[in-house]
Amino acid sequence: MSEKASEAPPAKPRRLRTYAEVTEGDRSNLLGQVVAQRERVTERLATVRHVVAVVSGKGGVGKSLVSAGLAAALARTGRSIGLLDADLHGPTAARMLGVREASLVVRKSEVEPKLAPSGVRVMSSDLLLEEGAPLAWREPGHDGFLWRGTLAAGMLREFLGDVAWGRLDLLLVDMPPGSERLDTLAELVPDLAGIVVVTIPSDASYRAVKRAVEAARSARIPILGVVENMAGYRCSSCRADGPLFAGDAGDRLARETGAGLLARIPFDPVVQAGIDAGDTTAAAAALAPAAEALVARLAPEARVEPRP
Amino acid sequence: VKFLCIECDRQMAFTERELPGDGTLAAVFACPACGRSVAMLTNPMETQLVSSLGVQIGGRSVPEQPFELTRSRSPPAARTRSPMRPRPPLRPAGPFGTRPRASVSAACRPSCAAWCSGSTRTTRPSAASR
């Protein structure tokens, strides 16, 4: 038996082809699909002159109010403005802009944004969720921490690339607190025009926002200006301004970034009441100087002069 | 990933995709020469990671649809029509409540004393408005 085995011809050496040598094609082409997704975003934003993110390292400083006010103020001057609410888990921008009909028209290759009464085109996860329902992914409950961030990035990509934004002078992106999503946005939109930083006067806000500013700097994202929100309290009866928070976070951030202060806005119950009811008239008036200062810092060739 | 039929030295072709359960994705490949087939059983966690990118394992048979990832992975899917949402109720007047603009008078009213110190100091002008 052992003799027979020793007489068997030696096995023919087998050489397997390499991955590259198998040239019939990779049908999945996962890399190609990812590249196609990115190209879809680039093609969609080809008709958008500027994409500007409104960011803060701290929650509750009024990013969405500032975003809505800037958008409405610019829309009132005849510019074509879009607002993308990138705060997927805490969306508020659509309602602030008065979009009450939570419905979307999905066409063959795109989704129609909602048109706010101010003329701003809006997309928000608020338009996709049932009343009061959180954004929860339809997947097994385990190990979700591994992929939730990827899904959120995919949702932001679809908001950018699948929405029929049309020709826009400016697309504002209302970012969630922190700087993590800003990295995603910067990768999806390589020619991001820059960010508007929102803070309140307090030292705690300064420290949190400073981190987001440094993250933007390290990603080489231009800082277009600082808005200090809640810089005092405006009495709704006598319209006098009084102190609200101690601190000078707006000035410090403006000075340290070299971007300058776009606006210092008091907490105004009249503005807040309007925003709560979806009326941006007062917010647009409060943010109008900041909006014009922002436009002045964008590339001159892409500016659109307001209509008389 | 590519699959090579060693006997025939031919690349195996994707034939079908199945979801047998527990998050496993089974991608079946067959040799176009001898017909031998294999099933690639993916690790559910790895499958989840890949599909979170919004890509289709085995390739696309139709172009990517708008909001494909969002509609397929977030409940409920994007609706095409839904009723108007109600306006939020007006809240009581106060510093963080609603005070109709018409009620604002030129002089500081007694009702605002609780919230307003009566100071006439205005907020510092911003750089943009200077």
Side-chain angles (χ1 to χ4, degrees), chain A residues 14 16-17 19 22 24 26-30 33-34 37 100-107 109-111 128 130-131 135-140 143 146-147 150-151 154-155 158 162 231-233 235-242 260-264 266 269-270 272-273 276-277 289-290 292-293, chain B residues 1-2 4 6 9 11 13-14 23 44-45 48-50 52-60 64 66-70 73-76 78-82 84-85 87-88 95-99 101 104-105 107-109 111-112 115-129:
Chain A
R14 175 182 289 159
L16 294 180
R17 287 189 284 164
Y19 185 92
V22 177
E24 286 88 340
D26 171 12
R27 181 168 163 166
S28 287
N29 191 19
L30 298 184
Q33 290 185 52
V34 172
Q37 291 172 348
R100 295 170 54 214
E101 189 188 4
S103 65
L104 289 174
V105 177
V106 182
R107 301 194 191 286
S109 62
E110 59 194 17
V111 178
L128 301 168
E130 295 288 357
E131 186 76 20
L135 177 63
W137 304 106
R138 193 183 294 161
E139 293 301 335
D143 298 326
L146 291 170
W147 44 260
T150 311
L151 281 172
M155 194 169 179
E158 290 188 336
D162 290 354
Y233 166 71
C235 177
S236 58
S237 290
C238 70
R239 310 304 286 159
D241 289 350
L261 198 63
L262 291 175
R264 184 177 282 114
V270 174
Q272 194 61 46
D276 284 350
E292 290 305 323
Chain B
V1 176
K2 296 174 183 176
L4 186 70
I6 297 173
D9 193 29
Q11 182 179 356
F14 173 82
M45 191 177 75
Q48 176 63 52
L49 280 170
V50 173
S52 297
L53 297 170
V55 298
Q56 294 285 322
I57 297 171
R60 288 193 168 278
E64 187 174 354
F67 278 18
E68 182 177 288
L69 181 71
T70 300
R73 307 296 285 277
S74 63
R79 295 158 289 170
T80 51
R81 289 280 171 239
S82 70
M84 296 284 281
R85 289 173 170 175
R87 278 191 181 279
F96 299 97
T98 302
R99 185 185 295 275
R101 189 72 178 85
V104 175
S105 62
C108 190
R109 297 153 62 96
S111 61
C112 74
W115 309 105
C116 173
S117 63
S119 163
T120 55
R121 184 179 76 82
T122 55
T123 327
R124 290 166 289 171
S126 67
S129 59

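Here is how names work: the chains are called A, B, and so on, in the same order as the sequence lines, proteins then strands, and each is numbered from 1.
- Listed here is the closest heavy atom pair of A:V106 and B:P66: CG1-CG, 3.9 Å.
- Between A:E158 and B:E68, the shortest heavy-atom distance links the atoms OE2-N, 3.2 Å.
- Here B:L53 pairs with A:T150, B:V55 under the side chain to side chain contact (heavy atoms under 4.5 Å, CB included) rule; sequence neighbours left out.
- Summarising the geometry of A:M155 relative to B:T70, their closest heavy-atom pair is CG-OG1, 3.4 Å, with the distance given to 0.1 Å.
- Annotation: side chain to side chain donor-acceptor pair (under 3.5 Å) contacts of B:S52 (sequence neighbours excluded): B:Q48.
- Annotation for A:D162 and B:F67: closest pair OD2-N, 2.7 Å, computed over non-hydrogen atoms.
- No donor-acceptor pair closer than 3.5 Å links the side chain of A:Q33 to the backbone N or O of B:G54.
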